[in-house]
Amino acid sequence: MGESYYITTAISYPNGRPHIGHAYEAIAADVIARFQRLMGRDVRFQTGTDVHGLKMLQKAREMDTTPRALADEMSQYFKEMCDRLDVSYDRFIQTSEDEHHRASQAIWQAMEANGDLYLDRYEGWYSVRDEAYYGEDELVEDGQGGKVSPQGTPVEWTVEESWFFRLDQYQDRLLALYEEHPEFLQPDSRRNEIVSFVKSGLRPLSVSRTSFDWGVEVPGSDGHVMYVWVDALTNYLTGLGYPDMDSPLMKYWPADLHLIGKDIVRFHAVYWPAFLMSAGIPLPKQVFGHGFLLNKGEKMSKSVGNVVDPIALADAFGVDQLRYFLLREVSFGQDGSYSPEAIAQRANADLANSFGNLAQRILSFIAKNLDGALPAVHGHTPADAALFATLEVALQRDLPQAFGELALSQGLEAWMRAVFACNAYVDEQAPWALKKTDPERMQTVLATLYIAIAQLAIAISPVIPASAKALLDHMGVPDDVRSIAGMGSHWYSPLAESDFAISTPKPLFPRIELPAEDAA
RNA sequence: GGCGGAGUAGCUCAGCUGGUUAGAGCGGCGGAAUCAUAAUCCGUAGGUCGGGGGUUCAAGUCCCUCCUCCGCUACCA
């Protein structure tokens with residue numbers, strides 16, 4: 001087993017069905033997880049749902065059910081989405097689990113033992129109807145000299161007892177963290193925002209609520225449940241067995257990467273490290289705030305009615321096509337835009353035409369002309385060596401480097417360069433012409449391409465796992481070759497000399513024909 | 001208001017610490033090929049690098065200013 005690698009997604013708040021944004025994050029995390037496995041790392045990948053809080057409680061009331069039943073039901077949709085999209089999580093956590101309550105209470109007690117929690121009053125403008133506090137600056141005039149909430153509901157000055165966390169005590173240590181470890185928070189633009197936020201001054205953070213009870217109880221403080229972020233963030237530890245520091249899974253801590261959306265960067269880059277410092281737990285190595293997915297350039301929202309169901313997209317375009325599109329088309333870290341046209345175009349151009357067709361033309365040529373027997377190598381020429389060199393640079397250097405830096409779309413560009421090189425090589429070598437003039441050379445060319453196609457499939461497997469596996473299985477590529485380190489090993493000749501024969505292939509990625517209007 | 005990003009070929013974007021004729025992919029156009037999913041390959045497209053000013057032998061690449069868009073500016077997750 002290689003060095004451990006722990007990656008997490010944010011846990012989703014399931015007060016609605018999963019949308020494409022959830023799918024995007026899960027897929028991106030899965031690609032990174034699969035890539036690290038391909039690099040030989042011992043990977044632990046966690047995702048899940050954050051089911052506590054007021055909104056779930058309200059939703060449950062609306063639906064005349066219990067919050068727990070609602071949480072179980074809604075979480076199932078998220079789990080199904082992950083399964084449908086080939087998201088290879090090792091642990092799907094739901095914050096209503098007993099283990100999670102224990103972990104949250106343990107970290108609470110650790111913070112309390114460190115003297116960072118104290119009981120005080122939380123005061124503010126409270127709207128009974130909204131069940132929420134508003135800041136002075138958020139209030140709007142009601143036209144009659146009074147103030148109302150942004151929703152137009154009446155507010156009253158309310159005082160509630162609350163536990164507070166001494167966040168202000170961590171300002172300097174947090175700034176030192178960002179300074180000394182710029183990689184802790186990425187992309188850079190996010191770090192800048194957080195640095196300026198922290199520099200502007202931190203106040204103690206209210207970390208408990210008494211107005212509802214759907215959450216983790218504060219130990220020894222009846223009537224208080226934890227403020228959602230204490231509980232939610234702790235999920236990353238729960239999944240490893242915390243507070244049992246001797247749990248075999250604790251070897252995965254500290255996490256290598258918390259992959260989250262840009263909207264919750266502050267909680268992960270300010271509150272979370274402060275909580276951990278307080279509790280005496282090592283900090284995660286990196287928090288990465290990805291961008292949002294826009295529907296044809298517009299923000300998705302229920303009111304506009306442009307929220308897209310990821311399952312429907314997967315059904316329409318294929319799971320691997322969707323995965324590939326999201327990673328290739330969106331510059332990781334920035335917002336991205338998608339549309340049925342864009343997905344179809346990208347999937348057709350890169351997967352169907354360039355890569356799929358490459359595999360199809362070569363494998364069917366072998367099946368047809370050599371009865372499926374893998375061709376022998378009769379000495380490589382400089383042209384073959386040049387192709388192998390191009391592949392090595394693209395697949396064993398550039399792509400891993402880019403993926404390692406979370407420059408996912410750039411990694412895929414490197415992969416495409418290798419695909420292009422293979423197609424150019426096919427046309428230059430023209431095995432169909434060699435068939436008549438130089439059958440031995442034709443065999444070498446086909447063998448070279450066979451190896452190349454396998455390498456391409458291995459390198460891209462984190463992104464299009466099902467298709468890559470199907471292709472590699474069809475080609476008889478041994479399992480131990482299927483890694484970045486293994487793809488360059490000497491596996492071809494033994495396979496060619498065995499009695500393996502390749503059957504007539506079917507196109508890997510059928511071309512997507514878009515219905516006249518739209519497909520999603 | 002404050003802080004921080006962004007504005008580069010029709011589209012999506014690369015362009016690090018300033019330096020030969022500003023790049024890629026897609027689309028478009030022309031050609032080649034015919035093994036393959038009408039897929040592939042080759043060539044091409046001449047964009048005031050948001051406007052203006054400045055520094056420099058030399059600026060998308062640094063400085064100033066203006067315009068446009070976006071993000072952050074704590075307790076809804």
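Proteins come first, then strands; the chains are lettered A, B, ... in the order of their sequence lines, and each starts at number 1. Computed over heavy atoms, backbone and side chain alike; hydrogens, waters and symmetry mates excluded. Note that this is a predicted model, so its numbers are computed, not measured.
A cation-pi geometry, defined here as NZ or CZ lying under 6.0 Å from the six-membered ring centre and within 45° of its normal, holds between A:Arg17 and A:Tyr77.
Regarding A:Asn192, its CG atom lies at a distance of 18 Å from the P atom of B:G2, rounded to whole Å. In this entry the distance linking CG of A:Leu202 with C1' of B:C75 reads 13 Å, nearest Å. Atom CD1 in A:Ile11 sits roughly 12 Å away from atom P in B:A77 (whole-Å rounding). Counting to the nearest Å, the P atom of B:A77 and the CZ atom of A:Arg266 are 12 Å from each other. Taking atom CG of A:Asp50 as the reference point, atom C1' of B:C76 lies 12 Å away to the nearest angstrom. A:Gln58 places its CD atom 11 Å from the P atom of B:A77, with the value rounded to the nearest Å. Taking atom CG of residue A:Leu233 and atom P of nucleotide B:A77, one finds them 12 Å apart after rounding to whole Å. Rounded to whole Å, the distance from CG on A:Leu117 to C1' on B:C75 is 15 Å.
Nucleotides B:A24 and B:A14 place their P atoms 16 Å apart, quoted to the nearest Å. Comparing B:U8 with B:G23, their C1' atoms sit 10 Å apart, to the nearest whole Å. Of the P atoms belonging to B:A22 and B:A9, the separation is 14 Å, rounded to the nearest Å. Atom name P, nucleotides B:A6 and B:C13: the rounded distance is 13 Å, in whole Å. Distance check on atom P: B:C41 versus B:C57 gives 48 Å, rounded to whole Å. Rounded to a whole angstrom, the distance from the C1' atom of B:U44 to that of B:A59 is 29 Å. One C1' atom belongs to B:G50, the other to B:G31, and the distance between them is 38 Å to the nearest Å. As rounded to the nearest Å, B:U21 and B:A32 have C1' atoms that lie 28 Å from one another.
Between A:Trp163 and A:Trp108, the ring planes lie perpendicular to each other; the angle is over 60°, past the 30° to 60° tilted range. Using a 30° and 60° split on the angle between ring planes, A:His268 and A:Trp229 fall in the perpendicular class, above 60°.
Partners of A:Glu217 by salt bridge (charged side-chain N to carboxylate O under 4.0 Å, His left out), not counting sequence neighbours: none found. With sequence neighbours left out, the side-chain contact (heavy atoms from CB on, under 4.5 Å) criterion links A:Arg511 to A:Asn348, A:Ala352, A:Asn353, A:Glu513. In this view, A:His474 and A:Leu363, A:Ile502, A:Ser503, A:Pro505 satisfy the side-chain contact (heavy atoms from CB on, under 4.5 Å) rule, not counting sequence neighbours. Taking the salt bridge (charged side-chain N to carboxylate O under 4.0 Å, His left out) definition, one finds that A:Arg266 meets it with nothing, sequence neighbours left out. Residues satisfying the ring-ring contact (aromatic ring centres under 6.0 Å, His included) test with A:His100, not counting sequence neighbours, are none. Residues that satisfy the ring-ring contact (aromatic ring centres under 6.0 Å, His included) test with A:Tyr13, not counting sequence neighbours, are absent from this structure. With sequence neighbours excluded, the residues forming a ring-ring contact (aromatic ring centres under 6.0 Å, His included) with A:Tyr118 are A:Phe164, listed by chain and number.
With RNA chain B read from its 5' end, the first of the two nearest nucleotides for A:Ser196 and A:Ser200 is the one closest to A:Ser196. Of the two residues near RNA chain B, A:Arg328 and A:Gly53, the one whose nearest nucleotide lies more 5' is A:Arg328.
If you check every strand for non-hydrogen atoms under 4.0 Å, A:Ile264 touches nothing. Among the protein residues, A:Arg190 comes within range of the sugar-phosphate backbone only, with heavy atoms under 4.0 Å from sugar or phosphate atoms but none that close to a base. In this structure, A:Gly289 reaches neither bases nor backbone, as no heavy-atom distance under 4.0 Å exists between it and the strands shown.
Salt bridge present: A:Asp384 and A:Arg441 bring a charged side-chain N and a carboxylate O closer than 4.0 Å.
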task = Fill in the dot-bracket string of RNA chain B, one character per base: . for unpaired, | for a pair to another strand, ( ) or [ ] for pairs within the strand, taking Watson-Crick or G-U pairs under 3.5 Å.
result = (((((((..((((.....[...)))).(((((.......))))).....(((((..]....))))))))))))....
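Look at B:G10: its glycosidic torsion is beyond 90° from 0, and that puts it in the anti range.
Distance from the side chain of A:Ser206 is smallest to B:C75 among B:C75, B:G71, B:A77.
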Side-chain donor-acceptor distances from residues 320-327 of chain A under 3.5 Å, at least two apart:
from: A:Asp320; atom 1: OD2; to: A:Ala466; atom 2: N; distance (Å): 3.4
from: A:Asp320; atom 1: OD2; to: A:Ser467; atom 2: N; distance (Å): 2.7
from: A:Asp320; atom 1: OD2; to: A:Ser467; atom 2: OG; distance (Å): 2.5
from: A:Arg323; atom 1: NE; to: A:Val463; atom 2: O; distance (Å): 2.8
from: A:Arg323; atom 1: NH1; to: A:Asp30; atom 2: OD2; distance (Å): 2.9
from: A:Arg323; atom 1: NH1; to: A:Leu85; atom 2: O; distance (Å): 2.8
from: A:Arg323; atom 1: NH1; to: A:Asp86; atom 2: O; distance (Å): 3.2
from: A:Arg323; atom 1: NH2; to: A:Asp30; atom 2: OD2; distance (Å): 2.7
from: A:Arg323; atom 1: NH2; to: A:Pro462; atom 2: O; distance (Å): 2.9
from: A:Tyr324; atom 1: OH; to: A:Asp350; atom 2: OD2; distance (Å): 2.7

Side chains of residues 406-414 of chain A: which donor-acceptor partners sit under 3.5 Å, not counting sequence neighbours?
none

note = For nucleotides 7-14 of chain B, 5' to 3', base contacts (B), sugar-phosphate-only contacts (S) and non-contacts (-) with protein non-hydrogen atoms under 4.0 Å give -------S
ask   = How does protein contact run along nucleotides 35-42 of chain B, one letter per nucleotide 5' to 3', with B for base contact, S for sugar-phosphate only, - for none, heavy atoms under 4.0 Å?
value = BBB-SBS-
